[in-house]
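Below is one structure; the comments refer to it alone.
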Protein chains: 2
Amino acid sequence: MAETDQAPPPSDQLAALNLTDTVEKHAFSDRVLIRSIVGRPDGGAGLAGQRVRAGGWVKTGREQGKGTFAFLELNDGSSPANLQVIVDAGLSLLSKLVATGTCVVVDGILKVPPEGTRQKIELRVEKVVSLGEVDPAKYPIPKTKLTLEFLRDHLHLRARTNTIAAIARIRNALAFATHSFFQEHNFLYVHTPILTTSDCEGAGEMFQVTTLISESEKLEKELIKNPPPSEVDIEAARQVVSERGEAVKQLKAAKASKSEITASVAELNKAKENLSKLEERSKLKPGIPKKDGKIDYTQDFFARQAFLTVSGQLQVETYACAVSNVYTFGPTFRAEHSHTSRHLAEFWMVEPEIAFADLQDDMNCAEAYVKYMCNWLLDKCLDDMQFMAKSYDKGCIDRLRMVASIPFVRISYTEAVELLEEAVKGGKKFENEVKWGIDLASEHERYLTEGKFQKPVIVYNYPKGIKAFYMRLNDDLKTVAAMDVLVPKVGELIGGSQREERYEVIRERILEVGLPLEPYEWYLDLRRYGTVKHCGFGLGFERMILFATGIENIRDVIPFPRYPGRADL
Amino acid sequence: MAETDQAPPPSDQLAALNLTDTVEKHAFSDRVLIRSIVGRPDGGAGLAGQRVRAGGWVKTGREQGKGTFAFLELNDGSSPANLQVIVDAGLSLLSKLVATGTCVVVDGILKVPPEGTRQKIELRVEKVVSLGEVDPAKYPIPKTKLTLEFLRDHLHLRARTNTIAAIARIRNALAFATHSFFQEHNFLYVHTPILTTSDCEGAGEMFQVTTLISESEKLEKELIKNPPPSEVDIEAARQVVSERGEAVKQLKAAKASKSEITASVAELNKAKENLSKLEERSKLKPGIPKKDGKIDYTQDFFARQAFLTVSGQLQVETYACAVSNVYTFGPTFRAEHSHTSRHLAEFWMVEPEIAFADLQDDMNCAEAYVKYMCNWLLDKCLDDMQFMAKSYDKGCIDRLRMVASIPFVRISYTEAVELLEEAVKGGKKFENEVKWGIDLASEHERYLTEGKFQKPVIVYNYPKGIKAFYMRLNDDLKTVAAMDVLVPKVGELIGGSQREERYEVIRERILEVGLPLEPYEWYLDLRRYGTVKHCGFGLGFERMILFATGIENIRDVIPFPRYPGRADL
């Protein structure tokens with residue numbers, strides 16, 4: 001029997017344990033969270049002797065003692081660590097329990113394992129409460145080591161792997177850190193719209209949202225089932241109307257009784273109604289409705305063309321210019337046919353906007369926010385970070401510590417270009433030419449943050465020609481008050497700017513970049529009435545996760561990646 | 001001079017004030033938040049004597065003392081309360097300051113106003129730092145009392161009104177309460193996709209997302225600029241190929257030099273390439289690509305038809321069945337032509353999903369979550385709630401207190417129908433017939449929660465015929481383990497269920513409701529491999545805000561409402 005494997009802990013050890021500890025109960029389940037056992041500083045040892053119900057999925061299982069008992073490594077997603085569970089053969093068919101992916105709920109007693117084992121606690125099972133079996137021959141992800149690429153073809157099961165579960169916990173932590181940071185600093189969370197009729201930068205490939213296609217398909221089906229009236233049908237209906245009209249006339253001429261005339265008029269009206277219905281239906285045409293050769297968007301759901309947002313910035317500015325400090329955190333979309341490891345068609349962005357604040361304040365906020373997230377992960381996700389360091393990126397924890405503690409370098413764009421030119425003189429090769437006026441390429445950004453400074457760098461005051469119209473024009477009339485935060489591993493993490501708050505200047509800038517004024521009248525109103533100095537930035541949330549974890553492909557840090565050709569589930 | 005209006009506080013009053021208090025500085029701005037002054041328990045009195053910079057928008061302003069000074073009620077969105085500001089005529093043109101909507105930043109000293117005034121503190125300005133003017137004749141929302149309906153036509157400015165700003169703060173508080181509740185209970189926030197190729201319930205009107213229309217428009221433009229080759233062009237190109245082929249043949253026959261032949265073959269290849277390019281371009285047709293008379297979605301961005309999600313439930317279940325406790329909180333979409341005060345085309349939903357949990361756990365979680373939000377508002381938004389009580393719904397604070405403290409009534413659907421039938425016998429009139437098997441109409445739900453019990457009611461175990469296939473079949477084979485939470489003021493606030501975890505049963509249910517199996521294979525996999533008892537629910541976030549505030553129209557509790565015919569900004 002398994003019992004013989006397990007020497008009871010010596011009595012002095014028992015005395016040292018705090019047996020008054022109790023396991024934290026799950027609020028909405030009769031089981032306990034595995035983290036509340038193995039995630040304790042004592043590894044769970046202080047809970048020895050307690051009866052608990054645990055549930056989870058078997059990571060690895062093996063029969064032992066000639067099939068008299070089984071060891072299961074049980075995980076419920078609450079922590080990267082598993083709970084070791086020991087089940088005697090009398091309680092269940094062990095061969096069913098040990099398959100990877102099996103779900104079990106068990107009741108048992110927590111015991112301190114014999115000395116020399118890695119675990120500080122294990123669960124000796126008294127009852128197998130329930131069992132969700134797995135046929136190992138069919139289970140799509142049976143092995144423990146699978147490539148991330150393979151897992152992308154099994155989105156619905158990949159969260160059961162250690163890596164994707166750890167990323168899910170880190171992503172969750174960063175999301176809550178984001179809300180906590182902005183709430184602590186008195187920012188209001190504003191839900192900017194996903195469906196929009198504005199285009200944020202007059203650029204960017206946008207997804208169109210429409211009901212015209214489905215409406216036209218519905219109509220097509222309906223017309224097949226119930227064909228539109230022919231010209232003959234309509235002519236016949238017209239004939240009926242004219243006959244009924246004649247009948248009414250005759251009755252009136254013949255001074256027929258009132259009730260006779262009324263009945264006849266009713267008949268006439270019925271015929272007229274029928275005719276107009278047929279005429280209406282005869283106008284129905286399959287296909288997307290057109291007007292003057294163009295698609296007639298007045299018949300679309302919103303009575304105009306609608307798109308998925310590429311950024312909530314312009315809209316959230318309407319709130320900043322009313323309630324001062326706001327942020328939006330939601331999905332954004334780009335319909336770019338980009339197949340890189342850094343692009344998604346659907347991704348999440350964090351976009352704060354601060355009134356009564358300038359570019360310096362913007363940089364201060366961005367730096368504080370990034371540091372806050374790093375500290376949050378070090379505080380609350382160290383076990384998951386250790387897993388990432390062990391499995392993917394040795395340096396990821398040091399990187400978090402460095403970014404959390406070191407002041408970010410701040411250099412102007414002009415200084416950045418000078419540094420890059422110096423590097424070129426020193427023999428550094430770039431694919432893209434370096435000269436004042438270029439948009440910094442990823443290789444340039446990586447050189448600055450990873451090569452030159454080896455820490456986060458904020459570059460500010462970019463040439464106006466390469467930046468959006470809404471960025472505030474500097475006094476030199478050549479640059480705008482924009483800033484990008486560059487970090488090791490991913491390069492650009494944040495892009496932001498002070499916004500142009502001067503009505504005449506922004507109007508001029510819109511025209512200068514060749515945009516029409518009309519769609520921006522509402523945006524101009526913010527400058528027309530009670531304008532305020534303000535600034536903001538956008539952080540690509542998935543980039544932050546790449547930065548934190550060292551994962552290489554952005555498709556692995558979002559639960560359901562969308563990219564050209566793929567939108568599974 | 002204004003000074004004469006302001007008697008200095010008597011010295012004993014000064015002594016009672018804690019003059020060591022300092023105003024909380026804004027972290028990313030050089031001004032202080034108005035809330036950090038007027039939102040204090042002492043109304044700001046303890047800050048008298050301090051120099052601060054404040055910024056905000058003028059709610060109301062008036063010149064006094066024959067134009068020698070002005071009173072401004074300044075608000076920066078940080079609280080419903082304004083800061084009273086006094087500006088002497090020497091500092092600025094007072095007529096420019098007093099217009100509603102003007103943005104000002106001022107430096108000054110906080111002073112205790114003369115006794116008998118409502119304010120506990122006021123700011124005596126020493127310097128007007130900056131000014132964003134308003135032309136009152138043109139300002140679209142100059143008056144303080146405007147109808148909510150009118151404001152819907154001015155989405156970009158409406159957050160400057162007291163009501164929309166208060167709703168923004170309440171919405172923000174409820175969003176953070178949501179995250180705090182689930183994080184405290186060890187749920188992971190999972191970002192389910194907005195773009196989906198699954199249809200959650202096989203029902204619901206969905207918005208289609210496509211790039212086919214824009215691609216075809218782009219192509220049309222391109223073809224106009226650069227017309228496709230004519231048959232004559234292609235014939236000419238073919239002629240060139242054949243001539244070049246002939247030339248090669250002749251050179252070979254004539255045993256020409258290697259270099260001559262190579263050059264000739266190169267010419268031939270160039271001609272062939274040109275021909276194939278022309279042939280390719282000649283195939284380009286304007287319009288949406290079709291195949292066999294149907295739209296060819298293999299050419300769409302995701303190589304298949306894609307939609308906006310109507311619920312993240314099915315997808316979030318994949319995470320619940322891997323990491324146990326999860327929730328999603330994001331936008332969802334319905335393309336319904338619904339013009340009611342309760343429907344939006346884009347709205348936010350909170351959807352937790354709990355593994356190792358049943359319908360009882362689900363109800364416990366829903367009740368705890370709603371109570372948590374009510375307590376949160378009472379704790380952190382009482383000033384805004386008082387504004388709502390004063391302006392819109394006298395009973396809203398009492399309703400929060402009641403829901404936070406009273407256990408929710410829990411009755412089965414069958415009991416609910418019996419109670420409704422009793423009510424009908426007692427003379428109550430409903431528009432919709434009451435009998436076992438009906439879906440409860442809003443009037444029925446409102447009767448139960450507002451009439452019969454006057455508190456929140458959870459109705460559970462609904463007839464399977466009116467509920468979705470994924471809800472767990474009860475042992476009676478007639479009902480499913482579904483539950484709805486009904487609350488006064490809005491009726492249904494939450495809908496949830498235990499999910500069917502038995503593979504054979506859910507497979508049967510999918511077929512029974514007439515859905516195809518293939519699109520649900522991934523969903524079936526969750527039951528095929530390591531299945532687990534689990535449950536979840538969805539809360540309509542805007543409904544919660546309606547419930548809390550007493551606002552009547554859902555279009556007023558979301559920053560950018562989308563509904564048929566309207567998607568401004």
Side-chain angles (χ1 to χ4, degrees), chain A residues 27-29 31 55 57 76-77 101-103 132 134 139 156 159-160 165 168 172 175-176 179 183 185 188-190 193-195 197-198 207-211 213-214 301-303 306 315 318-319 322-324 331 335 346 354 356-357 361 364-365 522 529-532 559-560 562 565 567 569, chain B residues 27-29 31 55 57 76-77 101-103 132 134 139 156 159-160 165 168 172 175-176 179 183 185 188-190 193-195 197-198 207-211 213-214 301-303 306 315 318-319 322-324 331 335 346 354 356-357 361 364-365 522 529-532 559-560 562 565 567 569:
Chain A
F28 314 115
S29 170
R31 53 143 193 154
W57 288 267
D76 65 359
T102 302
C103 183
V134 155
Y139 192 43
H156 62 301
R160 295 189 184 184
N172 168 71
F176 193 54
H179 286 297
Q183 295 291 327
H185 290 99
L188 297 180
Y189 181 28
V190 172
I194 308 305
L195 292 165
T197 48
S198 307
F207 286 105
Q208 186 170 353
V209 177
T210 183
T211 53
I213 295 176
S214 57
F301 191 89
F302 296 110
Q315 287 94 344
T318 68
Y319 271 71
V323 294
S324 307
E346 173 177 335
I354 325 173
F356 306 101
D361 298 313
N364 293 344
C365 182
W522 64 266
Y529 307 117
T531 192
V532 64
F560 302 92
R562 273 79 182 94
L569 275 62
Chain B
F28 314 116
S29 171
R31 56 153 190 146
W57 288 266
D76 65 359
T102 301
C103 183
V134 155
Y139 193 43
H156 63 302
R160 296 189 184 183
N172 168 72
F176 193 54
H179 285 298
Q183 295 290 329
H185 289 99
L188 297 180
Y189 180 29
V190 172
I194 307 306
L195 291 165
T197 49
S198 307
F207 285 104
Q208 186 169 352
V209 177
T210 184
T211 53
I213 294 176
S214 57
F301 191 89
F302 297 111
Q315 287 95 341
T318 69
Y319 270 71
V323 294
S324 305
E346 173 177 335
I354 325 173
F356 307 102
D361 298 313
N364 293 344
C365 182
W522 65 267
Y529 307 116
T531 191
V532 63
F560 302 91
R562 272 81 184 93
L569 275 60

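Lettering follows sequence order; numbering is per chain, from 1.
Contact tally against chain A (heavy-atom pairs below 4.5 Å) for B/V134, B/L188, B/N364, B/V190: the top residue is B/L188. Ranked by non-hydrogen atom pairs under 4.5 Å with chain A, the options B/Y189, B/F302, B/Y319 are led by B/F302. With chain B as partner, the option from A/G55, A/G101, A/C365 having the largest number of non-hydrogen pairs under 4.5 angstrom is A/C365. When the candidates A/T102, A/T210, A/V532, A/T211 are compared by the number of heavy-atom contacts under 4.5 Å with chain B, A/T210 comes out ahead. The most heavy-atom pairs under 4.5 Å with chain B, out of A/A357, A/P331, A/A306, come from A/P331. Considering only heavy-atom pairs separated by less than 4.5 Å from chain B, the leading option among A/F28, A/Y139, A/F176, A/F560 is A/F28. The choice from A/S214, A/A168, A/A27, A/G565 that makes the most heavy-atom pairs within less than 4.5 Å of chain B is A/G565. Among B/V209, B/T318, B/I354, B/L195, the residue with the largest count of heavy-atom pairs under 4.5 Å with chain A is B/L195.
Minimum interatomic distance between A/I194 and B/E346 (heavy atoms only, all atoms of both residues): N-OE2, 2.7 Å. Here the closest heavy-atom approach between residue A/A159 and residue A/A165 is recorded as O-CB, 3.6 Å.
Both the backbone and the side chain of A/P559 come within contact range of chain B, each with at least one heavy atom under 4.5 Å from a heavy atom of that chain. Looking at B/A335, both its backbone and its side chain come within 4.5 Å of chain A, counting heavy atoms on both sides. Residue A/A567 touches chain B through both its backbone and its side chain, counting heavy-atom pairs closer than 4.5 Å. For A/Q208, the parts lying near chain B are the backbone and the side chain together; criterion is any non-hydrogen pair under 4.5 Å.
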>> Assess the residue pair B/R160 and A/V323 against the criterion (side-chain contact (heavy atoms from CB on, under 4.5 Å)); give the C-alpha distance rounded to whole Å, side-chain angles, the decisive distance to 0.1 Å, and a yes or no.
In response: CA-CA 7 Å; B/R160 296 189 184 183; A/V323 294; over 6 Å; no
>> Apply ring pair (Phe, Tyr, Trp, His ring centres under 6.0 Å) to residues A/F356 and B/W57 and explain how you reach the verdict.
In response: CA-CA 11 Å; A/F356 306 101; B/W57 288 266; 5.4 Å; yes
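One distance of note links OG of A/S198 with NE2 of B/H156; it measures 11.0 Å at 0.5 Å rounding. Between the CG atom in B/D361 and the OG atom in A/S29 there is a gap of 5.5 Å [rounded to 0.5 Å].
Ring planes of B/F207 and A/F301: perpendicular class, angle over 60° (limits at 30 and 60°).
Taking B/R562 as the reference, nothing meets the side-chain hydrogen bond (donor to acceptor under 3.5 Å, both in side chains) condition, with sequence neighbours excluded.
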